[in-house]
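Notes follow once the structure below has been shown.
The analysis underlying the following values was restricted to heavy atoms, covering all of them including side chains, and did not include hydrogens, waters or symmetry mates.
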Amino acid sequence: MSNVPPEAERLLESEPLMAHLGTCAEGRPHVAPVWYRYADGVVEIVTTGRKLANIRKNPRVAISVQNDEAGHAQWMVSLLGTATVVDDESETAAARRRINEKYDAESDAYAENTLVRIEVGSATYQTY
């Protein structure tokens, strides 16, 4: 059972928008843009670097997605959840293909990235 309201799910699945992932390690927040895929209360990203290192230290994360037209917000969804790093290459490759397809990228692009699944604990959304 998803903790995300149906309307927020529809918005998250509607188009290939950039998300902002918030992580925190050693008392310092870090926010970075990511591609994502949402389905059934779980967000998938493939990432590397500081985002991945922070998630390994502290799995509590936030994700924000916003759609705007000419600088005017149309809607936003904020998610809080718990991230799990999936160190399985076949699962990572499959998720990478799904995400890359959503953003019209080559299926094997970003092969160095690792899969992270985020179980959504709570969600808020707003349409304007």
Can you tell if the side chain of L79 reaches within under 4.5 Å of the side chain of L12, non-hydrogen atoms only?
->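 Yes, side chains in contact.
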Hey, are the side chains of L21 and I118 touching, using non-hydrogen atoms and a 4.5 Å cut-off?
->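 Side chain of L21 against side chain of I118, heavy atoms only: contact under 4.5 Å found.
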Side-chain donor-acceptor pairs of residues 65-73 under 3.5 Å, sequence neighbours excluded:
from, atom 1, to, atom 2, distance (Å)
N67, ND2, E15, OE2, 3.0
D68, OD1, G71, N, 3.3

All side-chain hydrogen bond (donor to acceptor under 3.5 Å, both in side chains) counterparts of [X], not counting sequence neighbours:
X	result
R10	E7
K57	E26
Q74	none

Looking only at atom types and distance, does a side-chain atom of S14 sit under 3.5 Å from a main-chain N or O of L11, one as donor and one as acceptor?
->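 Confirmed, S14 side chain pairs with L11 backbone.
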Gap separating the [atom1] atom of [X] from the [atom2] atom of [Y], nearest 0.5 angstrom:
X	Y	atom1	atom2	answer
I99	I45	CD1	CD1	7.5 Å
Y103	L17	OH	CG	6.5 Å
T127	M76	OG1	CE	11.0 Å
T114	E91	OG1	CD	12.5 Å
I63	S78	CD1	OG	10.0 Å

Residue pairs, two or more places apart or on separate chains, that pass ring pair (Phe, Tyr, Trp, His ring centres under 6.0 Å) and touch residues 42-67 =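 Applying ring pair (Phe, Tyr, Trp, His ring centres under 6.0 Å) to every pair that reaches into residues 42-67, excluding sequence neighbours, yields nothing.
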State, to 0.1 Å, how close [X] and [Y] come at their nearest heavy-atom pair, and which atoms those are.
X	Y	result
A62	L80	CB-CD2, 3.7 Å
V61	A83	CG1-CB, 4.1 Å
A39	E13	CA-OE2, 4.2 Å
R37	K102	CA-NZ, 4.3 Å
C24	P29	SG-N, 3.9 Å

Using atom types as modelled, flag every donor-acceptor pair under 3.5 Å from a side chain in residues 46-56 to any protein atom, sequence neighbours excluded.
from, atom 1, to, atom 2, distance (Å)
T47, OG1, K51, NZ, 3.3
R50, NH1, H30, ND1, 3.4
N54, ND2, T23, OG1, 2.9
R56, NH1, D87, OD2, 3.2
R56, NH2, D87, OD1, 3.0

Establish whether V42 and W35 are linked, either directly or via other cluster members, by ILVMFWY side-chain heavy-atom contacts under 4.5 Å.
-> no
R96 and E89 ion-paired at < 4.0 Å |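 Answer for the salt bridge query: yes.
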Only counting residues at least two apart or in another chain, list the ones meeting side-chain contact (heavy atoms from CB on, under 4.5 Å) with [X].
X	answer
P33	M18, H20
P59	T82
E101	none

Among pairs that include at least one residue of residues 16-25, which meet salt bridge (Lys or Arg N to Asp or Glu O under 4.0 Å), considering only residues two or more places apart or in two chains?
-> none
Would you list the atom pairs, donor with acceptor, under 3.5 Å between side chains in residues 104-112 and any protein atom, with sequence neighbours excluded?
none

All salt bridge (Lys or Arg N to Asp or Glu O under 4.0 Å) counterparts of E9, not counting sequence neighbours | none
Exceeds 12 heavy-atom contacts within 6.0 angstrom, atom CZ of R60 = no
